[in-house]
Amino acid sequence: METDTCMYLLGCTIRELGLGFTPTPRAYEKPGCFHLLAGNMLPADLVPKIPALWMGRTFNHPKMIYNGIASTVSIAPLDAMSWMIDGDVYTTREPLTFSVGPTVSVIRP
């Protein structure tokens, strides 16, 4: 995907974000990749799509630029850009590149 501008990007390596909210159901589809949503939808555009997002269903919208799996995403901000990871907000003017790291296995004692 290459585009001039995006209002938002959501990239996840997990399907469910909690309480059944599953906006990225394809997160485990391909090893080394993550599910990416990118577009220019306004909050008002998303309101009617909340049930589909919640249940992990694909939906169409003219302002949805990409909804699929990706291995690497690079963002070149036009100006100072805020971005968030795990609830922490950062600001940058430098390009950002996102990709998946190694798989971690969690073993219960």
Side-chain angles (χ1 to χ4, degrees):
M1 170 189 82
E2 190 170 322
T3 185
D4 292 333
T5 60
C6 268
M7 185 177 297
Y8 67 86
L9 294 169
L10 171 64
C12 288
T13 57
I14 58 173
R15 288 183 186 139
E16 184 183 314
L17 301 183
L19 301 173
F21 183 46
T22 313
T24 52
R26 298 178 64 191
Y28 308 142
E29 188 172 305
K30 186 176 178 183
C33 293
F34 56 96
H35 192 158
L36 176 70
L37 301 172
N40 290 313
M41 295 172 70
L42 299 173
D45 297 326
L46 281 172
V47 170
K49 306 299 182 186
I50 289 173
L53 275 171
W54 193 275
M55 295 182 283
R57 295 188 180 144
T58 301
F59 64 88
N60 294 317
H61 191 280
K63 294 181 182 176
M64 176 68 82
I65 295 169
Y66 186 81
N67 182 353
I69 57 172
S71 60
T72 303
V73 174
S74 295
I75 306 165
L78 300 174
D79 199 354
M81 175 183 74
S82 296
W83 62 284
M84 182 184 343
I85 186 165
D86 293 338
D88 295 324
V89 179
Y90 302 92
T91 302
T92 187
R93 292 179 183 274
E94 301 297 319
L96 298 173
T97 300
F98 299 94
S99 61
V100 176
T103 300
V104 175
S105 297
V106 177
I107 301 172
R108 288 186 178 167

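No hydrogens, no waters, no symmetry mates; every other heavy atom, side chains included, goes into these values.
- Of all the heavy atoms in Thr13 and Phe34, the pair that sits closest is CG2-CB, 3.9 Å.
- Between Pro48 and Pro51, the closest heavy-atom pair is O-CD, 3.7 Å.
- Using a distance-only test at 3.5 Å, with no hydrogens or angles considered, a donor-acceptor pair links the side chain of Asn40 to the main chain of Met7.
- Within 6.0 Å of CG on Asp88 lie more than 12 heavy atoms contributed by other residues, nucleotides or ligands.
- For the residue pair Pro25 and Gly56, the shortest heavy atom distance occurs at CG-O, 3.2 Å.
- Annotation: salt bridge (charged side-chain N to carboxylate O under 4.0 Å, His left out) contacts of Asp79 (sequence neighbours excluded): Arg93.
- Remark: Trp83 engages Tyr90, Phe98 in a ring-ring contact (aromatic ring centres under 6.0 Å, His included) (not counting sequence neighbours).
- The side-chain hydrogen bond (donor to acceptor under 3.5 Å, both in side chains) pairs that include a residue from residues 16-27 are Arg26-Glu29, where partners are two or more places apart or lie in different chains.
- With hydrogens and angles ignored, the 3.5 Å screen pairs a side-chain donor or acceptor of Tyr66 with a backbone N or O of Ile69.
- Rounding to the nearest 0.5 angstrom, the gap separating the CE atom in Met84 from the CG atom in Leu9 is 12.5 Å.
- Side chains of Lys49 and Met41 form a contact here, defined as non-hydrogen atoms less than 4.5 Å apart.
- Closest approach of Thr72 and Ser99 over heavy atoms only: OG1-CB, 3.9 Å.
- Contact record, Arg15 with Ala27: N-CB, 3.8 Å, taken as the closest heavy-atom pair.
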For this session: Could you go through the side-chain contact (heavy atoms from CB on, under 4.5 Å) check for Tyr28 and Ile14 one step at a time?
Result: CA-CA 7 Å; Tyr28 308 142; Ile14 58 173; 3.8 Å; yes
